[in-house]
Amino acid sequence: MVKRIVDLRSDTVTKPTETMRAAIADAEVGDDVLEHDPTAFHLESEMAKIMGKEAGLFVPSGTMANLISVLVHCESRGSEVILGHNSHIHIYENGGISTIGGVHPRTVKNDDDGTMDIDLIEAAIRDSKEEITFPTTRLICLENTHCNHGGRCLSVEYTDRVGEVAKKHGLKLHIDGARIFNASVALGVPVDRLVQAADSVSVCLSKGLGAPVGSVIVGSDSFITKARRLRKTLGGGMRQVGILCAAALVALQENLPKLESDHKKARLLADGLNKIQGLRVNTSSVETNIIYIEIEEFSGTKAEKLCNDLEEYGILLMQTGLSRLRVVLHHQISESDVQYALSCFQKAVNGVNHENGN
């Protein structure tokens with residue numbers, strides 16, 4: 001029987017804290033579709049202030065946040081967005097920008113650090129003289145931190161340079177900032193400075209911050225006015241949403257300071273995993289709370305089997321390839337959990353029978 005669970009599948013698996021549950025119970029609420037929910041307004045205003053933007057909008061999910069942002073910037077069907085070939089918007093959001101918005105994705109290769117070569121971004125911008133043939137480029141999207149590249153951080157200098165390219169060509173810049181606070185903490189750069197060049201940013205509340213539900217989009221007043229209408233179109237108007245926003249306000253206050261500790265535990269886990277024969281981790285790429293593990297061919301095991309074996313010990317993680325695993329740290333994983341996970345990895349790789357919790 002599994003006695004101890006260490007859930008490393010994602011930072012989305014956290015449970016609401018007692019403080020969050022109390023805030024949910026006591027939240028002052030109203031009808032947010034009518035813009036009368038004071039707790040929602042408080043969260044949106046606070047997030048906009050933190051991010052250095054004029055206004056914010058609470059939405060149910062990061063996928064909806066990115067979809068709304070892209071559609072506001074690309075109002076005409078047949079518009080084109082430049083984004084990374086390995087980006088979350090392109091791979092993990094059901095192709096919504098195309099199927100719902102009629103927006104065409106033009107991908108540029110993501111380098112190992114999650115960036116796209118700026119010359120290649122500029123080269124991907126369509127020539128307006130050929131608009132009778134080509135889609136019209138209207139938007140560039142960045143992702144910070146970059147999930148598929150191990151939570152790597154995009155520097156403020158890089159983001160500024162992309163912003164300059166966007167302005168030069170009359171384009172908008174959107175940042176998928178699902179884990180933007182992780183990037184800010186890791187880089188030591190205030191988050192408002194990190195996203196200064198962006199016209200819009202989506203910020204996930206239920207990943208590193210550990211709130212139960214939702215994201216906030218930030219941008220100009222006019223951008224958020226259009227975003228609010230699109231949110232209603234997409235079914236994201238949720239009436240007394242303050243019960244969710246109350247938990248997010250607690251997350252901003254209590255969990256934001258814990259991100260640095262999450263990063264330290266990730267490095268501790270990565271260093272330990274890299275010492276286990278049969279596993280390989282590029283420890284230099286572990287900048288925030290995400291680790292990718294490569295299983296060596298000589299180990300005699302594959303990702304699916306190792307996942308199943310580790311589950312017997314109570315260790316939950318995500319398979320991302322035949323020989324690749326992902327783990328994500330969060331505020332409800334202790335240093336003791338990290339050490340326990342390392343001992344279980346060692347046993348699972350070596351084929352030792354499990355004895356959970358000891």
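We use all heavy atoms of the structure for the numbers below, so side chains are in, but hydrogens, waters and symmetry mates are not.
- Here the CG-CG distance, from Leu310 to Leu306, works out to 4.5 Å after rounding to the nearest 0.5 Å.
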Q: Go through Phe58 and Asp37 one step at a time and tell me if the side-chain contact (heavy atoms from CB on, under 4.5 Å) criterion holds.
A: CA-CA 11 Å; Phe58 179 86; Asp37 190 303; over 6 Å; no

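- With hydrogens and angles ignored, the 3.5 Å screen pairs a side-chain donor or acceptor of His330 with a backbone N or O of Gln332.
- By the 4.0 Å N-to-carboxylate-O rule, Lys129 lies too far from Asp127 to be salt-bridged with it.
- The neighbour count for Gln277 CD, taken as heavy atoms of other residues, nucleotides or ligands under 6.0 Å away, does not exceed 12.
- Criterion: ILVMFWY side-chain heavy atoms under 4.5 Å apart, direct or through other members. Under it, Met116 and Ile89 are not part of a common hydrophobic cluster.
- Hydrophobic clustering, with ILVMFWY side chains joined whenever heavy atoms are under 4.5 angstrom apart, groups Leu67 together with Leu139.
- Looking only at side-chain heavy atoms (C-beta outward), Ser261 and His331 stay at 4.5 Å or farther from each other.
- Other residues, nucleotides and ligands contribute at most 12 non-hydrogen atoms within 6.0 Å of the CG atom of Asp112.
- Under the 4.5 Å side-chain heavy-atom criterion for Ile, Leu, Val, Met, Phe, Trp and Tyr, Val218 and Val156 are members of the same hydrophobic cluster.
- A donor-acceptor contact under 3.5 angstrom links the side chains of Ser334 and Asp337, judged on distance only.
- With 3.5 Å as the limit, one finds a donor-acceptor pair spanning the side chains of Arg138 and Ser79.
- Between the side chain of Asn274 and the backbone N or O of Ala270 there is no donor-acceptor pair closer than 3.5 Å.
- Residues Ala197 and Thr159 come closest through the heavy atom pair CB-O, 3.9 Å.
- Looking at Asn289, its side chain does come within 3.5 Å of a backbone N or O of Leu329 through a donor-acceptor pair.
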**Q.** Candidate pair Arg193 and Asp160, rule salt bridge (charged side-chain N to carboxylate O under 4.0 Å, His left out), full reasoning
**A.** CA-CA 10 Å; Arg193 177 65 190 90; Asp160 285 350; 2.5 Å; yes

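- With respect to Asp309 and Lys347, no salt bridge is recorded, no charged nitrogen being found less than 4.0 Å from a carboxylate O.
- Tested against Asn66, the residues Glu93, Glu143, His88 include a single side-chain hydrogen bond (donor to acceptor under 3.5 Å, both in side chains) partner, Glu93.
- Following chains of ILVMFWY side-chain contacts shorter than 4.5 Å, one can reach Leu317 starting from Val338, so the two form part of one hydrophobic cluster.
- For the pair Lys305 (side chain) and Gly300 (backbone), a donor-acceptor distance under 3.5 Å is absent.
- Under a 3.5 Å cut-off, the side chain of Glu80 and the backbone N or O of Pro135 do not form any donor-acceptor pair.
- With Ser184 contributing its side chain and Val189 its backbone, the two residues share a donor-acceptor pair below 3.5 Å.
- Heavy atoms of other residues, nucleotides or ligands lying less than 6.0 angstrom from CZ of Arg324 number more than 12.
- Heavy-atom neighbours of Asp117 CG from other residues, nucleotides or ligands within 6.0 Å: above the threshold of 12.
- A donor-acceptor contact shorter than 3.5 Å is absent between the side chain of Asn144 and the backbone of Gly177.
- More than 12 heavy atoms of other residues, nucleotides or ligands lie within 6.0 Å of CD in Glu54, so this atom counts as buried by the packing criterion.
- More than 12 heavy atoms of other residues, nucleotides or ligands shown are found within 6.0 angstrom of NZ on Lys265.
- Note that OH of Tyr158 is 5.5 Å distant from CG of Leu142, once rounded to the nearest 0.5 Å.
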(Q) Using the rule given for side-chain contact (heavy atoms from CB on, under 4.5 Å), can you reason through Thr136 versus Ser128, listing the C-alpha separation, both sets of side-chain angles and the distance that settles it, and then say yes or no? (A) CA-CA 7 Å; Thr136 302; Ser128 60; over 6 Å; no

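- A distance of 5.0 Å separates CD1 of Ile140 from CD1 of Ile125, quoted to the nearest 0.5 Å.
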List the atom pairs, with distances to 0.1 Å, where a side-chain N or O of residues 240-254 and a protein N or O form a donor-acceptor pair under 3.5 Å, not counting sequence neighbours.
residue, atom, partner, partner atom, Å
Glu254, OE2, Thr19, OG1, 3.2

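- Atom CD of Glu157 sits about 8.5 Å away from atom CG of Leu187, to the nearest 0.5 Å.
- Taking 4.5 Å as the limit, every side-chain heavy atom of Thr14 sits out of range of all side-chain heavy atoms of Met20.
- Heavy atoms of other residues, nucleotides or ligands lying less than 6.0 angstrom from CG of Leu34 number more than 12.
- Within 6.0 Å of CZ in Phe41 there are 12 or fewer heavy atoms belonging to other residues, nucleotides or ligands.
- Separation of atoms CG (Leu194) and SG (Cys153) is listed at 8.5 Å; rounding is to 0.5 Å.
- Although no hydrogens or angles enter the test, the distance criterion places no donor-acceptor pair under 3.5 Å between the side chain of Arg161 and the main chain of Ile118.
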Q: Could you go through the side-chain contact (heavy atoms from CB on, under 4.5 Å) check for Glu294 and Asn282 one step at a time?
A: CA-CA 9 Å; Glu294 304 291 340; Asn282 179 5; over 6 Å; no

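- Here the side chain of Ser220 pairs a donor or acceptor atom with the backbone of Phe223 at under 3.5 angstrom.
- With respect to the salt-bridge test (charged N to carboxylate O, under 4.0 angstrom), the residues Asp32 and Arg231 qualify.
- Side-chain contact check for Asn110 and Asn148: no donor-acceptor pair (N or O, by modelled atom type) lies under 3.5 Å.
- Although no hydrogens or angles enter the test, the distance criterion places a donor-acceptor pair under 3.5 Å between the side chain of Lys53 and the main chain of Val195.
- Put simply, the residue from Val191, Leu57, Val203 that forms a side-chain contact (heavy atoms from CB on, under 4.5 Å) with Met47 is Val203.
- Following chains of ILVMFWY side-chain contacts shorter than 4.5 Å, one can reach Val103 starting from Ile100, so the two form part of one hydrophobic cluster.
- Gln346 contributes atom CD, which lies 5.0 Å from atom CD1 of Ile276 (distance to the nearest 0.5 angstrom).
- The side chain to side chain donor-acceptor pair (under 3.5 Å) search around Thr115 returns Asp113, not counting sequence neighbours.
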**Q.** Pair Thr107-His90, side-chain contact (heavy atoms from CB on, under 4.5 Å): steps then yes or no
**A.** CA-CA 8 Å; Thr107 59; His90 186 58; 3.4 Å; yes

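- Scanning both residues, Leu83 and Pro105, for their nearest heavy atoms gives CD2-CB, 3.8 Å.
- Ring orientation note: the planes of His85 and His149 are nearly perpendicular, at an angle over 60° on the 30°/60° scale.
- At a cut-off of 3.5 Å, with distance as the only test, no side-chain donor of His169 or Thr137 sits close to an acceptor on the other residue.
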